[in-house]
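Presented below is the structure to which this report refers.
In listed order, ligands and their atoms are each counted from 1. Since the structure is predicted, the reported quantities are computational estimates derived from the model, not experimental observations.
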Amino acid sequence: MKKTIKDIDLSNKKVLVRVDYNVPLDDKQNITNDKRIVATLPTIKYLLEKKAAIILMSHLGRPKGKVVPEMSLKPASKKLGEHLNMNVKMAPDCIGDEVNKMAKDLKSGEILLLENLRFHPEEEKNDDNFAKKLASLGEVFVQDAFGSVHRAHASTQGVGKYIKEKAAGFLLEKEIQFIGDTLKKPNHPFLAILGGAKVSDKIDVIENLMDKADSLIIGGAMAYTFLKAKGFGVGNSLLEEDKIDTAKNLMQKALEKKIRILIPMDHIVVDKVDFKNKKVEASAKIQKTEEADIPSGFIGVDIGPMTIQRIAPVIMESKTIIWNGPMGVFEIDEFAKGTIEIAKLVAQATEKGATSVIGGGDSISAVKKAGVSNKITHISTGGGASLEYLEGKKLPGIEILPEK
Ligand code: AMP
């Protein structure tokens with residue numbers, strides 16, 4: 001287990017915390033969703049209790065190494081201040097004389113937010129000098145930006161080389177516990193539900209689960225590549241031709257390892273759909289297939305009722321469930337049923353004692369849409385990071401932290 005902020009002395013120390021305040025902003029720089037800020041409150045409140053002087057750093061958007069005023073973190077400092085009912089100081093930059101002075105003058109119980117790290121190209125290059133300058137601001141480094149730990153950047157990894165005292169914040173600790181530890185020692189039966197748009201995005205996850213999972217449910221557009229590999233017709237559904245052989249190999253491997261792979265046996269299909277704007281016209285023909293084949297001229301957009309019935313008991317018997325990616329084009333209400341039903345089943349299985357871990361932005365919205373978010377054991381805050389964690393990769397922003 002990695003060291004956490006509970007394992008180190010923080011009192012009256014300057015604590016540099018990497019947070020993920022990559023929040024969505026509207027064109028007037030209003031934060032449209034502040035869950036990433038809210039997610040850091042437990043760590044920040046704990047540091048305040050311990051009388052630390054807190055220096056927060058984050059990136060926002062992709063300014064590509066230049067100052068882009070629309071991507072300033074100022075709105076985040078204001079929002080954080082509102083949540084804590086205190087003033088959060090905003091630095092004009094993340095390095096430089098003025099920032100050094102502000103950090104030096106910061107008193108215990110005060111908070112300073114540095115300006116967007118990615119205004120400097122050195123951040124993403126993990127430049128040593130830049131990392132050293134950031135590191136010089138604090139005596140302790142706290143990693144709490146799970147959404148960014150899969151990147152080896154100056155603020156997520158480099159800085160850790162120059163600060164001796166380092167630890168995980170509470171947000172990161174939870175992610176390590178629920179994703180990392182769950183994967184290391186899952187209770188069986190262990191089920192992975194994978195959906196979403198592309199097989200290519202999830203191949204490594206499937207590969208990594210081959211030695212651990214008992215069952216795999218494959219839904220979403222990636223299912224059609226598996227169906228095609230089995231010789232079924234997929235009509236005009238989204239298909240990755242170049243991944244058909246990969247799908248075949250994965251299914252063969254699963255057979256050898258006695259892992260059950262469940263792919264859809266019926267579908268909701270439509271003759272035309274606007275994927276880009278997630279819209280279906282009133283004149284579109286929507287129908288259920290009674291079988292795994294998708295008729296030509298039609299596009300698969302959700303798993304059908306027979307599939308849901310078939311996978312329900314598999315979900316209910318599971319003791320560990322990880323889920324990444326929706327079962328269909330759930331953004332369109334007519335095609336959201338499969339995903340919502342799965343969300344409800346995962347919630348029910350959790351109530352029966354299973355551990356459920358959900359990652360990826362889309363699965364999270366799906367669970368919300370189903371109204372069962374509070375019944376899931378752990379909803380991961382990082383999309384790309386949780387996927388790489390599920391792939392079994394070592395994440396640089398976690399690796400840099402010492403063990404207890
Ligand atoms: P991902 O980011 O890989 O988890 O993919 C999520 C996206 O996959 C969502 O925007 C869904 O609309 C999309 N998706 C799921 N099922 C399908 C499908 N059958 N056809 C096209 N797109 C799909």
Side-chain angles (χ1 to χ4, degrees), residues 24 147 150 179 192-206 209 216-229 232-241 243 246-247 262-281 284-289 292-305 307-308 311 322-343 346 357-370 379-391:
H150 57 313
I179 307 186
I193 307 172
L194 298 171
K198 288 192 192 149
V199 181
S200 44
D201 285 349
K202 314 247 156 111
I203 289 172
D204 292 339
V205 178
I206 301 178
L209 293 172
L216 286 174
I217 292 174
I218 300 199
M222 58 188 279
Y224 311 120
T225 305
F226 282 83
L227 283 161
K228 182 83 180 174
F232 292 107
V234 296
N236 294 337
S237 307
L238 221 68
L239 182 71
E240 284 171 278
E241 295 274 2
K243 291 290 172 295
T246 309
L262 296 137
I263 56 177
M265 52 201 285
D266 65 336
H267 315 273
I268 305 299
V269 298
V270 66
D271 60 345
K272 54 183 176 192
V273 56
D274 178 355
F275 280 127
K276 205 167 155 245
N277 298 306
K278 308 285 185 229
K279 266 197 200 130
V280 61
E281 283 173 34
K285 230 191 281 169
I286 300 174
Q287 59 190 57
K288 283 186 189 122
T289 67
D293 268 314
I294 293 175
S296 65
F298 280 89
I299 306 159
V301 281
D302 196 7
I303 54 173
T307 304
I308 297 172
I311 59 188
I322 55 166
W323 178 15
N324 191 298
M327 297 289 101
V329 189
F330 78 104
E331 297 95 335
I332 302 175
D333 285 346
E334 287 93 326
F335 312 141
K337 186 151 192 265
T339 304
I340 289 182
E341 289 302 315
I342 298 296
V346 172
V357 178
I358 295 184
D362 285 313
S363 333
I364 296 169
S365 340
V367 173
K368 275 211 186 111
K369 204 164 173 172
I379 296 183
S380 175
T381 50
S386 71
L387 209 54
E388 290 199 20
Y389 215 5
L390 291 175
E391 286 167 8

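- Side chain to side chain, D266 and T307 meet the donor-acceptor criterion of an N or O pair below 3.5 Å.
- At distances below 3.5 Å, not a single donor-acceptor pair connects side-chain atoms of D274 with backbone N or O atoms of V280.
- Ligand-side atoms of ligand 1 in range of G300: 18 (C), 19 (N), 20 (N), range being under 4.0 angstrom from any heavy atom.
- Of the options V301, D302, T339, a side chain to side chain contact (heavy atoms under 4.5 Å, CB included) to F330 is made by T339 and by none of the others.
- Ligand 1 has a nitrogen or oxygen under 3.5 angstrom from a nitrogen or oxygen of E331.
- Every N/O-N/O distance between P326 and ligand 1 stays at or above 3.5 Å.
- Residue contacts with ligand 1: A221 is placed with a nitrogen or oxygen under 3.5 Å of a nitrogen or oxygen of the ligand (distance criterion only).
- Counting heavy atoms from C-beta outward, I206 and I218 have side chains that approach closer than 4.5 Å.
- Proximity to G325 (heavy-atom distance under 4.0 Å) selects the following atoms of ligand 1: 4 (O).
- The single protein non-hydrogen atom nearest to atom 23 (C) of ligand 1 is V329 CG2, 3.7 Å, given as residue, atom name and distance.
- Side chain of H267 to main chain of I294: no donor-acceptor pair is present (N/O by atom type, distance under 3.5 Å, no hydrogens or angles).
- Under a 3.5 Å cut-off, the side chain of D271 and the backbone N or O of K285 do form a donor-acceptor pair.
- Side-chain N or O atoms of K368 include none that pairs as donor or acceptor with a backbone N or O of S363 at under 3.5 Å.
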Donor-acceptor pairs are to be reported for all side-chain atoms of residues 232-240 against protein atoms at under 3.5 Å, with residues two or more places apart or in another chain.
| unit_1 | atom_1 | unit_2 | atom_2 | d |
| --- | --- | --- | --- | --- |
| S237 | OG | V234 | O | 2.7 |
| S237 | OG | G300 | N | 2.8 |
| E240 | OE1 | V199 | N | 2.6 |
| E240 | OE2 | S200 | N | 3.4 |
| E240 | OE2 | S200 | OG | 2.5 |

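- The contact set between ligand 1 and V301, taken as ligand atoms under 4.0 Å from a residue heavy atom, comprises 19 (N).
- Taking atom 6 (C) of ligand 1 as the reference point, the nearest protein heavy-atom neighbour is D362 OD2, 3.1 Å.
- Residue contact check: G196 has heavy atoms under 4.0 Å from atoms 1 (P), 3 (O), 4 (O), 5 (O), 6 (C), 8 (O) of ligand 1.
- For atom 8 (O) of ligand 1, the closest non-hydrogen atom of the protein is A197 N, 3.3 Å.
- Ranking the protein heavy atoms by distance from atom 21 (C) of ligand 1 puts F275 CE2, 3.4 Å first.
- Shown in contact with K202 at under 4.0 Å from a heavy atom are these atoms of ligand 1, numbered in order with element: 1 (P), 3 (O), 4 (O).
- V357 pairs with exactly one of V346, I179, N324 by the side chain to side chain contact (heavy atoms under 4.5 Å, CB included) rule, that one being I179.
- Short contacts between ligand 1 and Y224, defined as distances under 4.0 Å to a heavy atom of the residue, involve ligand atoms 19 (N).
- Considering each of G328, S365, A336, the one bringing a non-hydrogen atom nearest atom 16 (N) of ligand 1 is G328.
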